[in-house]
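Below is a structure I'd like to ask you about.
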Amino acid sequence: MLDEEREQLRARLAEMTAAPRDPMASVSFGKRVGEGTTQAVERLNQVGTAKQLSAMLEDVERALEKLSEGTYGVCDSCGTEIPSERLEARPWSVLCVACSARKAG
Ligand SMILES: [Zn+2]
């Protein structure tokens with residue numbers, strides 16, 4: 001891989017990690033019982049998003065490690081090459097589609 005491409009990718013990943021470090025910190029549940037259901041649901045949605053975000057940040061950090069190791073683009077689990085379309089859509093991918101589905105399910 002060209003160094004230039006690698007640097008661009010690194011910059012792209014660094015942008016993503018620039019998101020708030022602890023997204024959970026900004027989510028606070030109301031202290032009063034009986035607050036509006038809509039508000040409660042909204043908060044739960046926020047927590048869901050925060051969890052997804054922190055899971056993604058873990059992958060981004062691992063992807064950066066893989067860049068350093070020279071294993072970027074290779075599945076962490078089974079060692080097959082991750083398709084370039086997948087890497088373009090999700091540059092922080094550290095698992096191939098099959099292993100990612102296995103991990104999620
Ligand atoms: Zn795999």
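Both counts, for ligands and for their atoms, begin at 1 and track the order of listing. Excluded from the calculations below are hydrogen atoms, water molecules and symmetry mates; all remaining heavy atoms, backbone and side chain alike, are included.
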Listed protein N/O/S atoms, distance to the Zn ion (ligand 1) under 2.8 Å: C75 SG, C78 SG, C96 SG, C99 SG
Could you state whether L67 and I82 fall into the same hydrophobic cluster, counting links through intermediate Ile, Leu, Val, Met, Phe, Trp or Tyr residues with side-chain heavy atoms under 4.5 angstrom apart?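 Result: yes, single cluster for both.
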For R62, salt bridge (charged side-chain N to carboxylate O under 4.0 Å, His left out) partners two or more places apart: E65, E69, D76
Of all heavy-atom pairs between Y72 and A63, which one has the smallest distance, and what is that distance?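 That closest heavy-atom pairing would be CD1-O, 3.8 Å.
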Keeping to residues at least two apart or across chains, list the salt bridge (charged side-chain N to carboxylate O under 4.0 Å, His left out) pairs with something in residues 83-98.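 Of all non-adjacent pairs touching residues 83-98, none passes salt bridge (charged side-chain N to carboxylate O under 4.0 Å, His left out).
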Other than V97, what residues sit in its cluster of Ile, Leu, Val, Met, Phe, Trp and Tyr side chains whose heavy atoms are under 4.5 Å apart, directly or through others?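 The other cluster members (ILVMFWY side chains, heavy atoms under 4.5 Å, direct or chained): none.
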Check whether any side-chain heavy atom of C96 lies under 4.5 Å from a side-chain heavy atom of C78, and answer yes or no.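 C96 vs C78: side chains touch.
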